[in-house]
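What follows is one structure encoded as structure tokens, with my remarks underneath.
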There are 2 protein chains.
Amino acid sequence: MTKNTPPPRCTDNHIHREAVEQALAAMVDGWTATRLAQVFGALSDPSRVRLISALLGGELCVHDLAAALGMSHSAVSHQLRLLRSLNLVRYRKEGRVVYYSLDDEHVEHLFRMGLDHIRHPEKIIEEANNHHG
Amino acid sequence: MTKNTPPPRCTDNHIHREAVEQALAAMVDGWTATRLAQVFGALSDPSRVRLISALLGGELCVHDLAAALGMSHSAVSHQLRLLRSLNLVRYRKEGRVVYYSLDDEHVEHLFRMGLDHIRHPEKIIEEANNHHG
DNA sequence: ACTATATATGAACATGTATTCATATATTAT
DNA sequence: ATAATATATGAATACATGTTCATATATAGT
């Protein structure tokens, strides 16, 4: 006997009722999961990440975005279309120039939170708890 | 003579210096963009979104996760491996059972921020700006 | 040792996606 | 009208990705 706390078992016949129900209670529905996946998917490509980050500095036209990223206008336009479709960026047309900008603060928050994650792998808990001011 | 605010032009010869430099200043480097894209990519699949959301309720073993999601153990294990590799989930081994849980609060924040986005498409600006109450 | 259980992993296939190319639309100037 | 500029978009191709199947590893019980 090495342990006195018998680990709950996961036999096929009697799966943890409680555990599974706890999971089901917390789990989002399929449609929400799909929508969420789409939003995160919009940020799941290096080009789009760079597009978003470029727009952190303020609105930019397609041409300048293409220049800054070193990509073709077409490729940038395609990506902007995706970002637009998910309300991550908005556009403003002035003459024949179209200026893109981040749609709302959400996007910036999402982005910065992702940055935090890759920088502070798991330090954030301490920071959040200590800071707390 | 139609407007008195001439829109800045994006001619090939003289791209906006300022605009492009503004973009370049705000833009993350390629490596960071790739890492970020990977993290967001981990949340860009409905199955993984549901996995994460299931774990919001607390740690769960692979078997129960598979049961809750209605997926094969193999599929779940593959996805958990991805999430693990990006430090989005952690695992705890107890006997032959492996319990997974969200790695830190970051993940939960990221997730909830995504949820907020798909629920409040662009209301956040009004809320933040007006804030009259 | 052997058997059963819990999870992990490699290969394969099927689907999704990002870029390029060519072309279309929209706006401005002549 | 035509020409030039700025952006958008459809089709095609090349690459990435998720699931399934079969198999491997790890642990517990006999």
Side-chain angles (χ1 to χ4, degrees), chain A residues 1-3 5-16 19 33-34 37-38 40-51 59-67 69-86 89 91-100, chain B residues 1-3 5-16 19 33-34 37-38 40-51 59-67 69-86 89 91-100:
Chain A
M1 273 72 161
T2 52
K3 291 181 185 123
T5 35
R9 306 274 224 45
C10 293
T11 58
D12 252 0
N13 295 338
H14 50 95
I15 295 169
H16 291 140
T34 299
Q38 286 175 331
F40 286 119
L43 298 165
S44 73
D45 175 75
S47 297
R48 287 194 295 268
V49 165
R50 297 202 306 148
L51 274 177
E59 71 173 9
L60 292 163
C61 74
V62 177
H63 198 107
D64 289 341
L65 278 170
L69 297 197
M71 293 173 64
S72 72
H73 296 177
S74 180
V76 167
S77 192
H78 275 294
Q79 303 290 32
L80 287 171
R81 180 173 144 86
L82 211 202
L83 294 174
R84 224 176 22 185
S85 77
L86 292 162
V89 301
Y91 65 100
R92 176 174 73 82
K93 203 169 185 180
E94 193 169 314
R96 50 191 159 186
V97 182
V98 178
Y99 292 94
Y100 280 87
Chain B
M1 293 80 167
T2 51
K3 289 183 184 132
T5 34
R9 307 273 224 46
C10 292
T11 58
D12 253 0
N13 295 338
H14 50 93
I15 295 170
H16 292 142
T34 299
Q38 287 177 329
F40 287 119
L43 297 165
S44 73
D45 174 76
S47 296
R48 287 194 295 269
V49 165
R50 297 202 305 149
L51 273 178
E59 72 173 10
L60 292 162
C61 74
V62 178
H63 199 106
D64 289 340
L65 278 170
L69 297 198
M71 294 172 64
S72 71
H73 296 178
S74 180
V76 167
S77 192
H78 274 293
Q79 302 292 32
L80 287 171
R81 180 174 145 86
L82 212 202
L83 295 174
R84 225 176 22 186
S85 76
L86 292 162
V89 301
Y91 65 99
R92 177 173 73 82
K93 202 168 184 180
E94 195 169 314
R96 53 192 157 184
V97 181
V98 178
Y99 291 93
Y100 281 86

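Letters A, B, ... mirror the listed sequences (proteins, then strands); counts begin at 1. Every value quoted in this text rests on a predicted model; they were computed, and no experiment measured them.
Between Leu69(A) atom CG and dT20(C) atom P there is a gap of 12 Å when expressed in whole angstrom units. Atom CD of Gln38(A) and atom C1' of dT17(C) are 13 Å apart (whole Å). For the pair His73(B) NE2 and dG10(C) P, the interatomic distance rounds to 20 Å; values are reported in whole Å. Counting to the nearest Å, the P atom of dT5(C) and the OH atom of Tyr99(B) are 17 Å from each other. Atom CD in Glu94(B) sits about 13 Å away from atom C1' in dT27(D), given to the nearest Å. If you take CZ of Arg96(B) and C1' of dA6(C), they are 7 Å apart, rounded to a whole angstrom. Residue Asp64(A) contributes atom CG, which lies 11 Å from atom C1' of dA6(D) at whole-angstrom precision.
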Within the sub-3.5 Å range, which N or O atoms of nucleotides 15-18 of chain D have a protein N or O partner, and how far apart are they?
{"residue": "dG18(D)", "atom": "OP1", "partner": "Arg48(B)", "partner atom": "NH1", "Å": "2.7"}
{"residue": "dG18(D)", "atom": "OP1", "partner": "Arg48(B)", "partner atom": "NH2", "Å": "2.5"}

Tabulate atom names and distances for all N/O pairs under 3.5 angstrom spanning the protein and nucleotides 10-13 of chain D.
{"residue": "dG10(D)", "atom": "O6", "partner": "His78(A)", "partner atom": "NE2", "Å": "2.9"}

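Closest approach of Val98(A) and Lys93(A) over heavy atoms only: CG2-CG, 4.0 Å. Minimum interatomic distance between Leu60(B) and Ala19(A) (heavy atoms only, all atoms of both residues): CD2-O, 3.4 Å. Residues Met71(A) and Val76(A) come closest through the heavy atom pair CB-CG2, 3.9 Å.
Between dT20(C) and Ser72(A), a contact under 4.0 Å exists linking OP1 or OP2 to a side-chain N or O. The shortest distance between the side-chain N/O atoms of Lys93(B) and the OP1/OP2 oxygens of dA26(D) is not below 4.0 Å. Residue Tyr100(B) has no polar side-chain atom (N or O) positioned under 4.0 Å from OP1 or OP2 of dA6(C).
Nearest to the side chain of Val98(A), among dT7(C), dT28(C), dA8(D), sits dA8(D). For Arg84(A), counting side-chain heavy atoms from C-beta on, the closest listed nucleotide (dT5(C), dA8(D), dT7(C)) is dA8(D). Side-chain proximity of Cys61(B) to the nucleotides dT27(D), dT7(C), dT28(C) is greatest for dT7(C). Checking dT7(D), dA8(C), dA28(D) against the side-chain heavy atoms of His63(A) singles out dT7(D) as nearest.
Within 4.0 Å of Tyr91(B), counting heavy atoms only, lies no atom of the nucleic acid at all.
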### Task
Go through Ser77(A) and Leu80(A) one step at a time and tell me if the side-chain contact (heavy atoms from CB on, under 4.5 Å) criterion holds.
CA-CA 5 Å; Ser77(A) 192; Leu80(A) 287 171; 5.6 Å; no
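Scanning for side chain to side chain contact (heavy atoms under 4.5 Å, CB included) contacts around Ser72(A) gives Ser74(A), Ala75(A), with sequence neighbours left out. In this structure Glu59(A) satisfies the side chain to side chain donor-acceptor pair (under 3.5 Å) test together with Arg92(A), sequence neighbours excluded.
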Donor-acceptor pairs under 3.5 angstrom involving side-chain atoms of residues 40-49 of chain B: please list them, not counting sequence neighbours.
{"residue": "Ser44(B)", "atom": "OG", "partner": "Gly41(B)", "partner atom": "O", "Å": "2.6"}
{"residue": "Asp45(B)", "atom": "OD2", "partner": "Ser47(B)", "partner atom": "N", "Å": "3.0"}
{"residue": "Asp45(B)", "atom": "OD2", "partner": "Arg48(B)", "partner atom": "N", "Å": "3.3"}
{"residue": "Arg48(B)", "atom": "NE", "partner": "Ala42(B)", "partner atom": "O", "Å": "2.7"}
{"residue": "Arg48(B)", "atom": "NH1", "partner": "Gln79(B)", "partner atom": "OE1", "Å": "2.9"}
{"residue": "Arg48(B)", "atom": "NH2", "partner": "Gly41(B)", "partner atom": "O", "Å": "3.0"}

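To the nearest 0.5 Å, atoms OH (Tyr99(A)) and CG (Asp64(A)) are separated by 7.5 Å. Rounding to the nearest 0.5 Å places CZ of Arg84(B) at 11.5 Å from CG of Leu86(B).
The backbone N or O of Ala33(B) sits nowhere less than 3.5 Å from a side-chain atom of Arg50(A) that would complete a donor-acceptor pair.
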